[in-house]
Amino acid sequence: QVQLVESGGGLVQPGGSLRLSCTTSGFTLNNYAIGWFRQAPGEEREGVSCIDVSGRRTHYEGSVKDRFTISRDTAKNTVYLQMNSLKPEDTAVYYCATEPICMGSRIVPQPGYDNWGQGTQVTVSS
């Protein structure tokens, strides 16, 4: 059973950092692209970043480029999202998903994707 569990969120002040983890099971991580998405209250879910099957190509949504870094550790079956210089507008629940569609800075889930986990809450506030 394909499972992805997000963790690492929390409350941080503006300018601070967090590292999110997406721990995967039920599939071989180095055979799948993985994406990070977020959803703020009252907003649609949006793509944040993705890493391709090879682990060498990454994509970022425009507002997080140069602040967030996606990486993976296939030995630990985990994908990370290092978030630096956090802003209040980064506040959201963050989710990871398999096989996102990544086209430059546009990152969207596969049509009909329904294997969303609980997500992890990130709150940026002073």
Side-chain angles (χ1 to χ4, degrees):
Q1 180 183 0
V2 173
Q3 191 171 15
L4 302 94
V5 178
E6 304 90 350
S7 62
L11 172 64
V12 63
Q13 292 187 341
S17 298
L18 283 173
R19 188 177 78 159
L20 305 185
S21 298
C22 171
T23 304
T24 71
S25 59
F27 63 99
T28 302
L29 180 58
N30 57 11
N31 288 342
Y32 284 78
I34 299 291
W36 280 99
F37 297 81
R38 66 185 180 187
Q39 188 167 21
E43 302 286 336
E44 300 264 326
R45 194 172 348 232
E46 66 171 350
V48 175
S49 181
C50 64
I51 187 165
D52 77 346
V53 171
S54 73
R56 291 190 290 271
R57 177 169 286 186
T58 58
H59 299 258
Y60 298 94
E61 185 271 330
S63 71
V64 309
K65 189 173 170 58
D66 298 327
R67 298 189 298 123
F68 291 9
T69 303
I70 191 170
S71 63
R72 72 180 189 185
D73 184 335
T74 54
K76 295 183 178 179
N77 295 317
T78 301
V79 176
Y80 302 100
L81 186 67
Q82 177 67 43
M83 307 187 298
N84 299 329
S85 302
L86 282 162
K87 304 176 180 180
E89 51 264 44
D90 295 317
T91 295
V93 179
Y94 284 70
Y95 304 87
C96 54
T98 57
E99 296 292 271
I101 299 171
C102 304
M103 297 172 290
S105 61
R106 187 164 183 263
I107 300 148
V108 297
Q110 286 285 341
Y113 185 85
D114 64 356
N115 195 31
W116 300 103
Q118 296 292 319
T120 186
Q121 174 72 48
V122 171
T123 303
V124 185
S125 174
S126 54

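Under the 3.5 Å distance criterion, the side-chain polar atoms of T78 are left unmatched by any main-chain donor or acceptor of T23. Under a 3.5 Å cut-off, the side chain of T24 and the backbone N or O of N77 do form a donor-acceptor pair.
Here W36 contributes atom CH2 and L4 contributes atom CG; the two are 9.0 Å apart, rounded to the nearest 0.5 Å. To the nearest 0.5 Å, atom NE2 of residue H59 and atom CE of residue M103 are 10.0 Å apart. Here the straight-line distance linking atom CZ of F37 with atom CG of L81 works out to 12.0 Å at 0.5 Å rounding. Residue L29 holds its CG atom at 5.5 Å from CZ of R72, rounded to the nearest 0.5 Å. Here OG of S63 is found 7.0 Å from NZ of K87. Values are rounded to the nearest 0.5 Å.
Every pair passing side chain to side chain donor-acceptor pair (under 3.5 Å) that includes a residue from residues 109-126 is listed here, sequence neighbours excluded: Q121-T123. The stretch residues 47-63 participates, sequence neighbours left out, in no salt bridge (Lys or Arg N to Asp or Glu O under 4.0 Å) pair at all. Among pairs with a residue in residues 67-123, those fulfilling disulfide bond (SG atoms under 2.5 Å apart) read C22-C96, C50-C102, at least two apart in sequence or across chains. For the salt bridge (Lys or Arg N to Asp or Glu O under 4.0 Å) condition, the pairs that include at least one residue of residues 27-49, sequence neighbours left out, are R38-E46, R38-D90.
Note: Y94 and F68 have tilted aromatic rings, judged against thresholds of 30 and 60 degrees for the angle between ring planes.
The shortest side-chain heavy-atom distance between T91 and V122 does not fall under the 4.5 Å cut-off.
A search for side chain to side chain donor-acceptor pair (under 3.5 Å) contacts involving Q3 returns nothing, not counting sequence neighbours.
Applying the 4.5 Å side-chain rule to ILVMFWY residues, one finds that V53 remains a lone member of its cluster.
When every heavy atom of P100 is checked against every heavy atom of I107, the shortest pair comes out as CB-CG2, 4.3 Å. Taking every heavy atom of both residues into account, S85 and S17 meet most closely at N-OG, 4.4 Å.
Residue V2 is not grouped with residue V5 when hydrophobic side chains (ILVMFWY) are merged at heavy-atom distances under 4.5 angstrom, including chains of intermediate members. At a threshold of 4.5 Å between side-chain heavy atoms, the hydrophobic network of Ile, Leu, Val, Met, Phe, Trp and Tyr places I51 and Y80 in two separate groups. Y32 and I70 fall within the same hydrophobic cluster, defined by Ile, Leu, Val, Met, Phe, Trp and Tyr side-chain heavy atoms under 4.5 Å apart, directly or through other members.
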* Given M83 and V64, is the side chain to side chain contact (heavy atoms under 4.5 Å, CB included) satisfied, shown in steps? -> CA-CA 8 Å; M83 307 187 298; V64 309; over 6 Å; no
